[in-house]
Amino acid sequence: MQDFRAVAYRTERPVLGNDGQPRPRRDHLAKWTLPVRAALIAGDTADTAAPLPPAFRQMAAGHLAELAGLTGLDIAAAPVEAANLLIFLADDPFAAARRHHGLFGHKIADRRRYEALLARMEDSATCFGFVWGGWPSGRSIDFAVAFIRSDRGERTVRGCLVQEVTQVFGLMNDLAPTADSVFSDSGRQVDLTARDRLLIRMLYDDGLKPGMPWAEAEPLARAVLRGIRSDG
């Protein structure tokens with residue numbers, strides 16, 4: 001329950017509110033309720049139809065299939081123009097975020113603050129993502145982008161992809177480096193662990209609704225956890 005609150009009600013980095021000011025934590029639950037249509041984009045080229053290595057496509061397809069099973073969402077591949085989840089794989093994800101901002105720029109309320117946020121993250125982040133609709137409005141998530149660094153070894157690329165894509169489904173914080181979780185930046189885990197799958201299943205239980213504050217969600221989440229455990 002502590003882990004669930006940490007990843008579902010806090011964010012790894014400050015989020016800009018409707019007033020444009022950073023808010024260090026969320027106070028509403030965020031999750032998708034819409035069908036998710038995902039597009040993979042080679043971020044090192046301006047051509048969104050540029051081919052990606054088959055290994056990257058297989059890696060992403062496998063993870064999205066696992067998320068579909070855990071969340072119950074309708075998740076499928078789509079062309080860029082029809083996608084509401086954009087996954088960029090690039091040697092330099094920050095350059096990719098600037099190069100391709102036209103694909104999601106209609107969601108950016110303040111371009112200057114977006115650029116400032118990218119500049120701050122360049123000092124410490126390897127991969128990153130953004131979501132829209134889930135916070136702080138209380139609506140369900142309706143659009144997301146994830147930027148994955150692809151110039152490292154396969155293990156690092158996989159860990160980045162699994163963590164960032166899972167986080168844009170609503171579990172947007174990191175856990176302690178010692179946690180047995182892909183949400184830990186220690187790099188010890190690059191695939192979802194049993195703990196991670198449990199957190200995803202809890203978030204996507206039908207009883208937990210987008211916009212719920214923690215006080216309302218906590219007893220429901222405890223009941224969901226008991227139910228999962230009783231089912232083995």
Side-chain angles (χ1 to χ4, degrees), residues 1-36 67-75 84-85 104 107-110 113-114 117 120-121 125 128-146 162-177 179-185 192-231:
M1 286 297 297
Q2 290 173 344
D3 286 351
F4 181 73
R5 186 178 188 183
V7 295
Y9 278 87
R10 295 181 176 88
T11 55
E12 183 179 359
R13 298 177 186 88
V15 177
L16 296 183
N18 290 337
D19 56 3
Q21 298 301 313
R23 300 183 181 183
R25 55 189 295 167
R26 290 182 294 147
D27 50 10
H28 295 93
L29 200 69
K31 60 193 283 189
W32 291 81
T33 57
L34 306 169
V36 179
L67 287 176
L70 290 168
T71 63
L73 292 169
D74 174 9
I75 303 175
N84 53 13
L85 170 58
F104 53 91
K107 292 287 189 177
I108 298 173
D110 188 327
R113 290 186 181 276
Y114 165 74
L117 179 61
R120 290 198 303 273
M121 289 196 301
F128 57 96
F130 300 109
V131 302
W132 284 273
W135 187 93
S137 68
R139 304 192 315 270
S140 63
I141 299 170
D142 57 31
F143 197 92
V145 294
V162 170
Q163 182 185 41
E164 294 302 331
V165 173
T166 304
Q167 286 188 320
V168 298
F169 275 75
L171 299 171
M172 291 186 276
N173 196 27
D174 284 341
L175 295 174
D180 182 30
S181 170
V182 78
F183 299 117
S184 163
D185 280 339
L192 295 176
T193 65
R195 176 186 301 206
D196 298 333
R197 294 184 183 95
L198 182 61
L199 295 174
I200 296 166
R201 289 178 64 190
M202 289 172 67
L203 176 62
Y204 277 89
D205 184 88
D206 289 341
L208 293 174
K209 306 296 185 184
M212 276 187 172
W214 174 246
E216 184 179 354
E218 181 182 16
L220 299 173
R222 289 189 182 279
V224 170
L225 181 57
R226 286 194 298 270
I228 293 173
R229 285 178 167 168
S230 67
D231 289 342

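- Separating the OG atom in S181 from the CG atom in L171 is a distance of 9.0 Å, to the nearest 0.5 Å.
- Inter-residue side-chain proximity for I75 and L67 is flagged as met; some heavy-atom pair is nearer than 4.5 Å.
- In this structure a side-chain-to-backbone donor-acceptor pair under 3.5 Å is present from R197 to L192.
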Could you go through the side-chain contact (heavy atoms from CB on, under 4.5 Å) check for M212 and L220 one step at a time? CA-CA 11 Å; M212 276 187 172; L220 299 173; 3.5 Å; yes

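- At least one side-chain heavy atom of V7 sits less than 4.5 Å from a side-chain heavy atom of L199.
- N84 contributes a side-chain N or O that, together with a main-chain N or O of P35, makes up a donor-acceptor pair within less than 3.5 Å.
- The shortest side-chain heavy-atom distance between T33 and P210 falls under the 4.5 Å cut-off.
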Set out, in order, the CA-CA distance, both residues' side-chain angles and the distance that settles side-chain contact (heavy atoms from CB on, under 4.5 Å) for L203 and L208, then state yes or no. CA-CA 7 Å; L203 176 62; L208 293 174; 5.6 Å; no

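- Here F143 pairs with H106, W132 under the ring pair (Phe, Tyr, Trp, His ring centres under 6.0 Å) rule; sequence neighbours left out.
- Remark: the backbone N or O of W32 is paired with a side-chain donor or acceptor of Y204 at under 3.5 angstrom.
- Rounding to the nearest 0.5 Å gives a distance of 8.5 Å between OH of Y9 and NE2 of H28.
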Contacts under 3.5 angstrom, residues 222-230 side chains, donor-acceptor by atom type, not counting sequence neighbours:
| unit_1 | atom_1 | unit_2 | atom_2 | d |
| --- | --- | --- | --- | --- |
| R222 | NH2 | E218 | OE2 | 3.2 |
| S230 | OG | R226 | O | 3.4 |
| S230 | OG | G227 | O | 2.8 |

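- Counting all heavy atoms, side chain and backbone alike, M202 lies closest to A221 at CE-O, 3.9 Å.
- Under the 3.5 Å distance criterion, the side-chain polar atoms of T193 are matched with a main-chain donor or acceptor of D180.
- With hydrogens and angles ignored, the 3.5 Å screen pairs a side-chain donor or acceptor of N173 with a backbone N or O of A6.
- V162 has its side chain within reach of T166: a pair of non-hydrogen atoms, C-beta onward, lies under 4.5 Å apart.
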Could you give me the CA-CA distance, side-chain angles and deciding distance for K107 and D142, then say whether salt bridge (Lys or Arg N to Asp or Glu O under 4.0 Å) is met? CA-CA 10 Å; K107 292 287 189 177; D142 57 31; 3.4 Å; yes

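- One distance of note links NZ of K209 with CG of L29; it measures 11.0 Å at 0.5 Å rounding.
- In this structure the side chain of R113 never reaches within 4.5 angstrom of the side chain of I108, judged on heavy atoms.
- Residues A179 and S184 share a closest heavy-atom pair of O-CB, 3.8 Å.
- In this structure, K31 fails the cation-pi test against F169, since its NZ or CZ atom is not both closer than 6.0 Å to the six-membered ring centre and inside 45 degrees of the ring normal.
- Using a 4.5 Å heavy-atom threshold, the side chains of V131 and M172 count as touching.
- Residues F4 and L198 fail the side-chain proximity criterion, which asks for heavy atoms closer than 4.5 Å.
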